[in-house]
Amino acid sequence: MINFWPIARVISVLLLIIGMMMWTGIPFSAYYGESVLPLLYAGLTTITAAGILWLTTQRRPSDDTLPRPADVNIRKREGYLIVALSWTAMVSFGMLPYLYSGMLPDVVDALFETVSGMTTTGASVLTDIEIQPRGLLYWRSLTQWIGGMGIIVLTVAIFPLLGIGGIELFAAEAPGPTSDKLHPRISETAKRLWFIYVGLTVAEGIVLFVAGMSPFEAINHALTTMATGGFSTRNASAAAFPPLIQYILIVFMFLAGVNYTVLYLSLKRRWSEVWQSDELKAYIGLVVVVSLFFTGRIWYITGVPLEQSFRDSMFQVVSLVTTTGYVSADYTSWTPSLTMICFVLLFLGACAGSTAGGIKIIRNLVFFKNSFLEFKRIIHPQAIIPLRLNGQIVPGRIITHIFNFLLLYLILFVIGSVVLSMLGLDFQTSVGAMATSLGNVGPGIGGVGPVDNFAWLSDPVKLFLSFVMIVGRLEIFTVLVLFTPYFWRLN
């Protein structure tokens, strides 16, 4: 039997946090002479809803067989349900500033922009970003920062105050197939993750400001870079800034795509453990090799200066691999072969345990390593040839789970592309929109390429892509398991 008491309590705390975060945009609205009422009312509405929901958890259940709230430990079912319902609640209330202000008066557009923000996808329906109110642009960026590490992880850090155990919730929300823990206590792990996340965000904001960005733009781009979200305050995205700014964004996008366990080990100067990560080596190798290949092709074919060819190549490769979605050049205007490679990069993702979306490099690494070993097993059918990663044997159940994930990911991509084509999109736009939404990237190919946006899409398409973005952000199984009969059975 599913216990809804911890679910209501956690969601109430989440809404309280969201409402208070909305109010952090009020100083920007006041400073730029804009109305503070949309953010004020949206925050008040959200906090009121949180308070009402919290009060419902204070009464003891009428059934004495149910545990008291202070004795509750979240099981797998409650963990997955909390994550799904929490994202639903965050999106539902997160779009209120857009609706109250009239910035996005259409509910579907407001929902799409909020889902894109919370899932760190970066797909936008705004046709002219630079004329929008600054306070709401800040909230737009903040939605990506909130979703970057996952507001659930922040809540896990304060679970001891709620009397709720959070290991299942952390497992359901944490990105990637690994569950490396930095500290024996799950709440301490969450705190350390957020310490790194906040620290890197602050560091990037300072560096961008020193490099010439205005304080407002530095804050916004720091929020969306570390979240690997890609929302910008400029219509031209990163192309609107000078080369120095673009190089800074490259560095922090790359760091945002690294497993946070590895970042923590780096801060502790445990370099031997850092370089044991096969995923990190593959990540660095992928970015370097593809960027150099792109540089040579662009420089040779288009005649663009070598430095710009390198910068545009490195920027777009890092942006696509980390699923950040910033744009410094129109990669669809490069050669067809390079555009095709960029399309493939939409599926890869960066490291597990980072804020990036996509399949994740570690899954691809396991797939290719195991496929290569399969040739060896064919030649030596009696031999036991285990798959090793980071010097350790990968259990068979992990390999099976990864293969199932890859197969389901591709099936969803194909089915989703067919659905989009049935909703009226052309082939290239259908596959581009599905790939970028499922991978939480932002720009795709076709009519949703790097110089386009999603405003022209029909409401049914936007609603479908909103659902796809949430499925992709929560690693597919977390959402789809709710639609299986096994989840709702009493035993």
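For reference, positions follow the sequence shown, starting with 1.
With hydrogens and angles left out, the side-chain atoms of Thr225 and Glu204 include a donor and acceptor closer than 3.5 Å. Checking Ser124 against Glu113 by side-chain atom types alone, a donor-acceptor pair falls below 3.5 Å. Looking at Tyr138 and Thr24, their side chains do bring a donor and an acceptor atom within 3.5 Å of each other.
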Report, one line per pair, each donor and acceptor closer than 3.5 Å where one atom sits in a side chain of residues 341-349; sequence neighbours left out.
none

Side-chain donor-acceptor distances from residues 437-450 under 3.5 Å, at least two apart:
residue: Ser437; atom: OG; partner: Ala433; partner atom: O; Å: 2.8
residue: Asn440; atom: OD1; partner: Arg473; partner atom: N; Å: 3.1
residue: Asn440; atom: ND2; partner: Thr121; partner atom: OG1; Å: 3.1
residue: Asn440; atom: ND2; partner: Ser437; partner atom: O; Å: 3.2
residue: Asn440; atom: ND2; partner: Met469; partner atom: O; Å: 3.1

Kindly determine whether Thr201 and Trp145 satisfy side chain to side chain donor-acceptor pair (under 3.5 Å), including the steps that lead there.
CA-CA 9 Å; Thr201 303; Trp145 193 79; 2.9 Å; yes
Report the C-alpha distance between Thr233 and Glu217 in whole Å, list the side-chain angles of each, state the deciding distance to 0.1 Å, and finish with yes or no for side chain to side chain donor-acceptor pair (under 3.5 Å).
CA-CA 7 Å; Thr233 55; Glu217 289 191 313; 3.1 Å; yes
Asp109 vs Tyr98, test: side chain to side chain contact (heavy atoms under 4.5 Å, CB included). Steps then yes/no.
CA-CA 9 Å; Asp109 284 344; Tyr98 301 138; over 6 Å; no
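Counting only heavy atoms from C-beta outward, the side chains of Val318 and Leu249 never approach each other to under 4.5 Å. Within the 4.5 Å cutoff, no side-chain heavy atoms of Leu104 are placed close to those of Phe112. Within the 4.5 Å cutoff, the side chain of Gln316 has no heavy atoms near those of the Asp312 side chain. Using a 4.5 Å cut-off on side-chain heavy atoms (C-beta onward), Leu480 and Leu412 make contact. Considering only heavy atoms from C-beta on, Leu280 stays 4.5 Å or farther from Asn259 through its side chain. Annotation: side chain of Val125 is not in contact with side chain of Trp456 (no heavy-atom distance under 4.5 Å). Residues Phe310 and Ile298 fail the side-chain proximity criterion, which asks for heavy atoms closer than 4.5 Å. Using a 4.5 Å cut-off on side-chain heavy atoms (C-beta onward), Leu387 and Ile393 make no contact.
Ring orientation note: the planes of Phe403 and Phe367 are tilted relative to one another, at an angle of 30° to 60°. Using cut-offs of 30° and 60° on the angle between ring planes, the pair Phe405 and Tyr409 is tilted. In this structure, Phe315 and Tyr326 have tilted ring planes: the angle between them lies in the 30° to 60° band.
Atom OG1 of Thr302 sits about 8.0 Å away from atom CD of Gln308, to the nearest 0.5 Å. Annotation: the span from Leu14 atom CG to Ile18 atom CD1 amounts to 7.0 Å, rounded to 0.5 Å. Interatomic distance, CD1 of Ile361 versus OG1 of Thr322, reported as 10.0 Å (0.5 Å rounding).
Checked for salt-bridge contact, Lys360 and Glu475 meet the test: a charged N lies under 4.0 Å from a carboxylate O.
The main-chain N or O of Val327 is found under 3.5 Å from a side-chain atom of Ser237 such that the two form a donor-acceptor pair. Judged by distance alone, the side chain of Arg377 and the main-chain N or O of Ile385 form a donor-acceptor pair under 3.5 Å. Side-chain N or O atoms of Asn390 include none that pairs as donor or acceptor with a backbone N or O of Gln392 at under 3.5 Å. In this structure a side-chain-to-backbone donor-acceptor pair under 3.5 Å is missing from Thr429 to Leu425. Under the 3.5 Å distance criterion, the side-chain polar atoms of Arg134 are matched with a main-chain donor or acceptor of Gln132. With hydrogens and angles ignored, the 3.5 Å screen pairs no side-chain donor or acceptor of Thr323 with any backbone N or O of Ala350.
Aromatic pair Trp139/Phe28: ring centres not closer than 6.0 Å. A centroid separation of less than 6.0 Å is found between the aromatic rings of Phe254 and Tyr283. Ring centroid separation for the pair Trp299 and Trp334 does not come in under the 6.0 Å cut-off. For His221 and Phe252, the gap between ring centers reaches or exceeds 6.0 Å.
Minimum heavy-atom separation, Thr324 to Thr224: CG2-O, 4.4 Å. Contact detail for Val115 and Ser466: the closest heavy-atom pair is CG1-O, 3.4 Å.
When the shell of 6.0 Å around NZ of Lys268 is examined, it contains 12 or fewer heavy atoms from other residues, nucleotides or ligands. Heavy atoms of other residues, nucleotides or ligands lying less than 6.0 angstrom from OH of Tyr247 number more than 12.
By the 6.0 Å and 45° rule, Arg140 stacks over the aromatic ring of Phe231.
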